[in-house]
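The residues of the chain are indexed from 1 along the displayed sequence. Ligands are counted one by one from 1 in listed order, and the atoms in each one are counted from 1 as well. Predicted model, so just to flag it, every value in this text is computed and none were measured.
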Amino acid sequence: MIEIQEILFDEQTIARKVKELADGISGDYTGKDLLLVSILKGAVVFTADLMRRLSIPVTVDFICASSYSMSTESSRKINIRKDLDTDIYGKHVLLVDTIIDTGETLNFLMKMLSERKPASLKAVTLLDKKSRRMVDVQIAYLGFEIPDKFVVGYGLDCAQKYRNLPYIAAVRMMPDT
Ligand code: IMP
Ligand code: MG
């Protein structure tokens, strides 16, 4: 069980930030064909809002990565559950995720996709838990920096629930009764 502890970003605040990020991206990619690569499942809501705020033509594709810990190693292993449908060779690619935590997921995906020789490869995330970063990964477009708290909503889950909340909230784990 979890309990909503505090709403960190309400719908309006998120919408304003998404528009701001979209304006920056539209400006930077003017005259270029942009491919958004949305990371399932957490980035679905952010991607849907962001793409509708872009004023440039875009295409969108989805990739699904999951991570798991190996007890013998300090870092986690990333596994691709669903790869892209699109060949990204020579394309301008923007990876879209809702949150960056340790950075391992984005770092893995950036390295994997860069081997396919896109024309450019950048990342956008709405939230950044900067204090938790384990690997150095460049985020070209960043929404909000947040403290080390577990958050749900706006696509982000706790055991697959709460993705549908329109706001982003910090949660508290409750002991089962
Ligand atoms: P990283 O590889 O540690 O940067 O983790 C990134 C992924 O972990 C995100 O795409 C989320 O799916 C998940 N994640 C990290 N922090 C949170 C959180 O506070 N709430 C929900 N999911 C999270
Ligand atoms: Mg999750």
Side-chain angles (χ1 to χ4, degrees), residues 1-11 13-14 17-18 21-22 25 35-51 60-84 88 93-115 121-176:
M1 273 285 290
I2 64 161
E3 184 186 75
I4 301 289
Q5 195 179 24
E6 181 194 357
I7 294 180
L8 296 181
F9 306 105
D10 63 18
E11 277 187 81
T13 309
I14 296 170
K17 184 58 79 177
V18 171
L21 290 168
I25 294 165
L35 170 66
L36 296 177
V37 169
S38 177
I39 305 173
L40 295 172
K41 303 171 189 168
V44 162
V45 177
F46 179 42
T47 305
D49 282 351
L50 183 72
M51 63 195 283
V60 63
D61 201 348
F62 298 89
I63 197 164
C64 186
S66 64
S67 69
Y68 54 96
S69 305
M70 300 283 281
S71 52
T72 50
E73 288 169 44
S74 59
S75 67
R76 292 176 301 155
K77 295 271 178 217
I78 314 282
N79 185 38
I80 301 296
R81 291 192 176 180
K82 183 223 168 284
D83 206 333
L84 297 173
I88 63 166
V93 176
L94 183 64
L95 263 172
V96 183
D97 207 351
T98 307
I99 191 164
I100 176 164
D101 184 22
T102 64
E104 286 181 25
T105 308
L106 268 176
N107 187 245
F108 179 89
L109 291 175
M110 293 283 268
K111 280 189 178 154
M112 188 185 95
L113 295 183
S114 69
E115 284 168 12
L121 179 62
K122 290 184 180 179
V124 54
T125 69
L126 183 65
L127 305 175
D128 179 9
K129 271 196 221 175
K130 207 172 181 178
S131 63
R132 296 246 316 155
R133 197 78 83 257
M134 302 283 284
V135 288
D136 186 32
V137 43
Q138 289 300 116
I139 308 297
Y141 307 96
L142 187 63
F144 304 104
E145 199 176 304
I146 61 165
D148 182 12
K149 287 181 175 174
F150 198 81
V151 293
V152 297
Y154 202 68
L156 296 174
D157 73 306
C158 180
Q160 299 303 326
K161 289 183 185 162
Y162 308 100
R163 291 192 198 275
N164 58 313
L165 296 178
Y167 50 82
I168 293 164
V171 296
R172 193 158 54 126
M173 307 292 167
M174 303 285 286
D176 287 333

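Residue T105 has at least one heavy-atom neighbour below 4.0 Å for each of these atoms of ligand 1: 1 (P), 2 (O), 5 (O), 6 (C). Residue contact check: K149 has heavy atoms under 4.0 Å from atoms 19 (O) of ligand 1. Numbered from 1 in the order shown, with element, the atoms of ligand 1 that lie under 4.0 Å from a heavy atom of D97 read 10 (O). Close approach of ligand 1 to D157 is summarised as follows: ligand atoms under 4.0 Å from at least one heavy atom of the residue are 21 (C).
Closest protein heavy atom to atom 20 (N) of ligand 1: V151 O, 2.6 Å. Counting only heavy atoms of the protein, atom 3 (O) of ligand 1 lies nearest to T102 OG1, 2.5 Å. The closest protein non-hydrogen atom to atom 14 (N) of ligand 1 is I99 CG2, 3.8 Å. For atom 22 (N) of ligand 1, the closest non-hydrogen atom of the protein is F150 CZ, 4.0 Å.
Atom OG1 in T125 sits 5.0 Å away from atom CD1 in I139 (nearest 0.5 Å). Distance check: I14 CD1 to F46 CZ gives 10.0 Å after rounding to the nearest 0.5 Å. A distance of 11.0 Å separates OG1 in T105 from CD1 in I63, rounded to the nearest 0.5 Å. Remark: F108 CZ to L113 CG distance equals 9.5 Å, nearest 0.5 Å. With rounding to the nearest 0.5 angstrom, the NZ atom of K82 is 14.0 Å from the NZ atom of K41.
Note on ligand 1: G103 sits in its first shell, one or more heavy atoms being nearer than 4.0 Å.
For I39, no heavy-atom contact with ligand 1 is shorter than 4.0 Å. Contact annotation: for K129 versus ligand 1, heavy atoms closer than 4.0 Å belong to the side chain alone.
T98 places a side-chain N or O within donor-acceptor distance of the main-chain N or O of G42, the cut-off being under 3.5 Å.
Protein non-hydrogen atoms do not reach within 4.0 Å of atom 8 (O) of ligand 1. Remark: atom 12 (O) of ligand 1 lies closer than 4.0 Å to no protein heavy atom.
Taking the ring centre of F144 as origin, the terminal cationic atom of K17 falls inside the region bounded by 6.0 Å and 45° from the ring axis.
The two residues V151 and A170 have their closest heavy-atom pair at CG1-CA, 4.1 Å.
The minimum distance between the Mg ion (ligand 2) and any N, O or S atom of D157 involves atom OD1.
The side-chain heavy atoms of D61 and I88, taken from C-beta on, include no pair separated by under 4.5 Å.
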